[in-house]
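To start, the structure under review is shown below, and the notes come after it.
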Amino acid sequence: MTGKRTFGLIGALALLQAPIVQAQTAPSAVDSFARQTVASGKVPGIVVTYAKGQGPMTVVAEGRMAEEPSAPKVNADTLWRVYSMTKPITGIAAMILIEEGKLKLDQPISDFIPAFKDMKVLVDPTKDLTSRPATRPITVRNLLTHTAGLGYNIITKGPLLNEYNRLGINPAQVSDSFEATARPARPATLEEFANRTATLPLIAEPGAKFSYSISLDILGRVIEVASGVPFDSFVNTRILQPLKMTSSYWTVPADEAGRLATEYAVAGANRFPIDPGATSVYLKKPSFPYGGAGLAMSARDYDRFLHMLQNGGTLDGVRILKPETAALAMSDLLPAGVDKTMLAVMARDTAVPMGFGAGGSVFLADQPGGAGKGTFGWSGAAGTFAWVDPKNQVRATMMVNILLAELNLKVPMRAAVYADLAR
């Protein structure tokens, strides 16, 4: 008995003295994606946030706010130019007014901007400016879904593009050098911007064609007329402040410049800074608030916006929309019979049919192994990307700032998020 007891004690002591082998946990798919994206040289820094249900938000941050080795590391509170990811926020602002009865989805926008009452449509947009009278009015639905027949400097071609440039119909801020040319021609107010746009012919009959455009910028003017409040103030007081989105700016305060990432552009194999964070054009007040491209935000803030939509219009006890209004905003609002050729090209990497809701695209079917039917979101010109998947209760945001570059990050980023959530 004594011998057995002694042997047992010796064995126990041996186990206590043996080295402890830690189980190795493989990096998550999102971790690997972020590390590879920075290591490959595609971006100096990247932030991805994602969550399922009411679980905590996961933050994956890799790299720095600029290429310099001394630049601060990126994190969930780094500020990024989200460009067109502003559009769903503007769309939700309009849905608030629709819920309150101050706007109607199929109401003509000429009720708010009389200059849009008698619009003309180009006979041949590729040829000249010859036009005919439009047979239908532009509606709020048309603005929300890019079916108003409006254009965009980054897409429109031919004679109409020349007219957009001549009249300063270019609602975005990019860099000081860009502003030196664009600002003198651009209208000084949102009202004048809308009125000037109304003097130009449309690319297509309202409701006939999805044409990616300045429509969410024009919607900003509709919102301020319908609400009686300046557009940016309406967004601030009805969405940003209630949701505690305290790092979302139309103009970045000087004392927050240290959080603003540098924006880059790519030419051939070279990448160069076009808007350093410390001296950014976003530190200066824009000509007017751009509902299609105006916000600088953190990933944490954009997650709060998505979380509100995921919850059916509410977050942390604050209700922005009724559940039925939130569901309507994230549904396919495209007019019946609309030509979706351009939308299909823009959504070609999703492998599912696509509709369009209140400023963002909508999945019309489940993505195999990925996002569910009803997924709502959009991306920005500098590579940002975000969506909310109400069916699977998933939301995710990616922040980078490389302007108009083919980074090819959306497909692997989305796949990585769903792979991690399936683990």
Nearest atoms (heavy-atom pairs only) where [X] meets [Y]:
{"X": "L283", "Y": "G277", "answer": "CD1-O, 3.9 Å"}
{"X": "S248", "Y": "M297", "answer": "OG-CE, 3.3 Å"}
{"X": "D389", "Y": "G370", "answer": "OD2-O, 4.4 Å"}
{"X": "Y302", "Y": "A386", "answer": "CE2-CB, 3.5 Å"}
{"X": "M95", "Y": "A329", "answer": "CG-CB, 3.7 Å"}
{"X": "G317", "Y": "T314", "answer": "C-OG1, 4.3 Å"}

Nearest 0.5 Å please: distance from the [atom1] atom of [X] over to the [atom2] atom of [Y].
{"X": "D420", "Y": "T58", "atom1": "CG", "atom2": "OG1", "answer": "8.0 Å"}
{"X": "L343", "Y": "T147", "atom1": "CG", "atom2": "OG1", "answer": "11.0 Å"}
{"X": "L143", "Y": "T145", "atom1": "CG", "atom2": "OG1", "answer": "8.0 Å"}
{"X": "D301", "Y": "L243", "atom1": "CG", "atom2": "CG", "answer": "9.0 Å"}
{"X": "K285", "Y": "Q173", "atom1": "NZ", "atom2": "CD", "answer": "12.0 Å"}
{"X": "I320", "Y": "N311", "atom1": "CD1", "atom2": "CG", "answer": "11.5 Å"}

Any non-hydrogen side-chain atom of [X] less than 4.5 Å from a side-chain atom of [Y]?
{"X": "E179", "Y": "R186", "answer": "yes"}
{"X": "M354", "Y": "F363", "answer": "yes"}
{"X": "D118", "Y": "P133", "answer": "no"}
{"X": "E67", "Y": "R271", "answer": "yes"}
{"X": "K104", "Y": "V140", "answer": "no"}
{"X": "Y418", "Y": "Y50", "answer": "no"}
{"X": "F385", "Y": "L409", "answer": "no"}
{"X": "I89", "Y": "V82", "answer": "no"}

Legend entry - CA sep, side-chain torsions, deciding dist, call: S211, S213, side-chain hydrogen bond (donor to acceptor under 3.5 Å, both in side chains): CA-CA 6 Å; S211 172; S213 69; 5.8 Å; no
Does [X], at its [atom1] atom, have more than 12 non-hydrogen atoms belonging to other residues, nucleotides or ligands within less than 6.0 Å?
{"X": "K373", "atom1": "NZ", "value": "no"}
{"X": "K209", "atom1": "NZ", "value": "no"}
{"X": "Q54", "atom1": "CD", "value": "yes"}

When you measure from the side chain of [X] to the backbone N and O of [Y], does any donor-acceptor pair fall under 3.5 Å?
{"X": "R141", "Y": "L333", "result": "yes"}
{"X": "N401", "Y": "R81", "result": "yes"}
{"X": "D332", "Y": "F356", "result": "yes"}
{"X": "K322", "Y": "G313", "result": "no"}
{"X": "T49", "Y": "V59", "result": "no"}
{"X": "Q367", "Y": "V352", "result": "no"}
{"X": "R348", "Y": "V345", "result": "yes"}
{"X": "K102", "Y": "A226", "result": "no"}
{"X": "R395", "Y": "L306", "result": "no"}
{"X": "Q310", "Y": "G53", "result": "yes"}

Inset, instruction - Kindly state each residue pair satisfying salt bridge (Lys or Arg N to Asp or Glu O under 4.0 Å) with at least one member in residues 190-203, sequence neighbours excluded. - result: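 Only E191-R221, E192-R196 qualify under salt bridge (Lys or Arg N to Asp or Glu O under 4.0 Å).
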Inset, instruction - Please say which of V252, D77, N75 ends up in a side-chain contact (heavy atoms from CB on, under 4.5 Å) with R259. - result: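 That would be D77; it is the only one of V252, D77, N75 passing the side-chain contact (heavy atoms from CB on, under 4.5 Å) with R259.
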Legend entry - Residue pair M398, I46: steps toward the side-chain contact (heavy atoms from CB on, under 4.5 Å) verdict: CA-CA 7 Å; M398 175 176 69; I46 183 171; 3.9 Å; yes
Inset, instruction - If the plane angle is over 60° it's perpendicular, under 30° parallel, otherwise tilted; pick one for F288 and F193. - result: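 Answer is tilted, since the angle falls between 30° and 60°.
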Legend entry - ring-ring contact (aromatic ring centres under 6.0 Å, His included), paired with W250, selected from F231, Y282, Y290, F234: F231
Inset, instruction - Before giving the answer on side-chain contact (heavy atoms from CB on, under 4.5 Å), spell out for T375 and T350 the whole-Å C-alpha distance, their side-chain angles and the decisive distance to 0.1 Å. - result: CA-CA 11 Å; T375 291; T350 64; over 6 Å; no
Inset, instruction - Sorted by first residue and then second, give each side-chain hydrogen bond (donor to acceptor under 3.5 Å, both in side chains) pair with at least one member in residues 83-99; sequence neighbours left out. - result: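 side-chain hydrogen bond (donor to acceptor under 3.5 Å, both in side chains) check on residues 83-99 returns Y83-E263, S84-K87, S84-Y212, K87-Y152, K87-Y212, E99-T325.
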Inset, instruction - Please check if any side-chain donor atom of S175 sits under 3.5 Å from a side-chain acceptor atom of S177, or the reverse. - result: yes
Inset, instruction - In sequence, state the C-alpha distance, the side-chain angles, and the governing distance for T139 and N142, and then conclude on side-chain hydrogen bond (donor to acceptor under 3.5 Å, both in side chains). - result: CA-CA 5 Å; T139 65; N142 297 148; 3.1 Å; yes
Inset, instruction - Report the C-alpha separation of S247 and L79 in whole Å, then their side-chain angles, then the decisive distance to 0.1 Å, and conclude whether the side-chain contact (heavy atoms from CB on, under 4.5 Å) test is met. - result: CA-CA 7 Å; S247 293; L79 299 176; 3.9 Å; yes
Legend entry - Counterpart residues, side-chain hydrogen bond (donor to acceptor under 3.5 Å, both in side chains), relative to N170 (two or more places apart):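 For N170, no residue satisfies side-chain hydrogen bond (donor to acceptor under 3.5 Å, both in side chains) once neighbours in sequence are set aside.
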Legend entry - E62/T37 under side-chain contact (heavy atoms from CB on, under 4.5 Å): CA gap, chis, key distance, verdict: CA-CA 9 Å; E62 191 72 25; T37 299; over 6 Å; no
